[in-house]
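Structure record follows, encoded as structure tokens.
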Amino acid sequence: ARNLKDIMRLVPGVQQVNNSDEQLLSIRGIFADNGSKLLIMIDGHEVNRVQDQGSSAEVPNMFADKIERIEVVRGPGGVIYGASAFSGIINIITRDPGTNDENHARVSIGSFNQYKTEAMLDQEIAEDVHAFLYAGLATSNGDHVPISGDEFTSNSPSRTNIEGLKSPSFEMYSRIRTKDVEFKARYFDQNEEIPSKTGFNKHYQSGFLEVVSNGIALTDTIIFRPRVYFDAIEQQRDNVYKGGEFRFGTELRVTHEAAD
């Protein structure tokens with residue numbers, strides 16, 4: 001599997017729809033523009049856009065190598081997770097720092113000028129400090145799909161990105177865990193080019209930074225886990241639209257754990 005889209009093909013109850021503008025996942029047949037009815041999270045951190053709650057940019061470009069497992073909730077989860085979780089939730093769990101001690105690099109080449117380069121590091125970088133670092137770059141021209149009409153170029157078949165990775169996309173993700181806290185950071189950059197006479201190109205960038213405590217013991221059984229995060233998203237469609245979004249939040253969680 002190359003990405004999240006390939007993996008989700010194997011999950012019962014999950015459907016996929018591809019068009020020249022976006023690639024969508026749905027659960028139990030519920031589709032919405034930009035994937036706004038499906039919540040996608042990375043290690044519990046929401047990556048849907050704030051503006052339209054969309055998740056479509058993440059579907060074809062969430063590289064698979066960094067994924068440890070995927071949790072899927074089929075059905076509404078809005079009571080717990082909010083408006084984006086109308087049809088379901090997909091939570092991508094990445095590799096836990098310090099559990100693999102694996103470093104590798106990989107280069108892949110495929111049809112339609114598809115290239116992919118990945119590098120991953122997972123090791124202890126200092127005493128009680130474990131790091132997982134991942135970076136991936138992919139590019140593809142997409143499938144040959146015949147398109148005719150005044151709206152598009154006269155060349156037939158035209159190249160579109162109905163299938164395959166967007167061209168190009170870059171993702172960088174890191175988790176650094178100390179004895180007391182864990183730092184998570186992600187940067188994602190995607191360009192999408194659709195052949196038309198007027199030009200319909202999209203550029204999407206997103207990133208987040210999160211700091212979460214491993215747990216502060218208030219008593220023998222009550223654990224306090226504060227969390228702070230910051231999100232930044234920017235998207236542009238040619239010269240017609242350009243917008244940015246910022247999101248900052250804190251979470252104070254108290255859990256009760258049974259005594260040994």
- Task: May I ask you to decide if V47's main-chain N or O and D231's side chain share a donor-acceptor pair within less than 3.5 Å?
- Result: no
- I40 side chain near I92 side chain, heavy-atom distance below 4.5 Å: yes
- Task: Starting from the C-alpha separation in whole Å, work towards a yes-or-no answer on salt bridge (charged side-chain N to carboxylate O under 4.0 Å, His left out) for D122 and R95.
- Result: CA-CA 9 Å; D122 184 0; R95 295 173 184 256; over 6 Å; no
- Task: Apply the test side chain to side chain donor-acceptor pair (under 3.5 Å) to residues R227 and S213: give CA-CA distance (whole Å), side-chain angles for both, the deciding distance (0.1 Å), then the verdict.
- Result: CA-CA 6 Å; R227 169 177 170 258; S213 170; over 6 Å; no
- Task: Report the distance from atom CD of E210 to atom OH of Y229, rounding to the nearest 0.5 Å.
- Result: 9.0 Å
- Here the gap from Q15 atom CD to R28 atom CZ, rounded to the nearest 0.5 Å, amounts to 10.5 Å
- Starting from the C-alpha separation in whole Å, work towards a yes-or-no answer on side chain to side chain donor-acceptor pair (under 3.5 Å) for N214 and E182. CA-CA 7 Å; N214 294 331; E182 181 175 352; over 6 Å; no
- Task: Kindly compute the distance separating CG (L209) from CZ (F248), expressed to the nearest 0.5 Å.
- Result: 10.0 Å
- Query: Got I93 and I67 here, is their nearest side-chain heavy-atom distance under 4.5 Å?
  - Reply: no
- With a 4.5 Å heavy-atom cut-off, do S206 and F208 have their side chains touching? no
- Side-chain contact, heavy-atom cut-off 4.5 Å: Y173 with I42? yes
- Between R186 and F188, is NZ or CZ placed under 6.0 angstrom from the six-membered ring centre and within 45° of the ring axis? yes
- If we only count heavy atoms from C-beta on, is the R175 to D96 side-chain gap below 4.5 Å? yes
- Message: Quick one, R177 with D128, criterion salt bridge (charged side-chain N to carboxylate O under 4.0 Å, His left out). Give me CA distance, side-chain angles, the key distance, then yes/no.
- Response: CA-CA 8 Å; R177 177 178 295 164; D128 294 326; over 6 Å; no
- Message: Once rounded to the nearest 0.5 Å, what's the spacing between atom OG of S108 and atom CD of E118?
- Response: 6.5 Å
- Message: In the structure I gave you, are the side-chain heavy atoms of L252 and F224 within less than 4.5 Å of one another anywhere?
- Response: yes
- Flag side-chain contact, heavy atom, 4.5 Å: F246 against F230: yes
- Report the C-alpha separation of R225 and T255 in whole Å, then their side-chain angles, then the decisive distance to 0.1 Å, and conclude whether the side chain to side chain donor-acceptor pair (under 3.5 Å) test is met. CA-CA 8 Å; R225 290 186 172 89; T255 60; 2.9 Å; yes
- Task: Could you tell me whether F86 atom CZ has more than 12 heavy atoms of other residues or ligands within 6.0 Å of it?
- Result: no
- Item | Side-chain (S87) to main-chain (K37) donor-acceptor, under 3.5 angstrom | yes
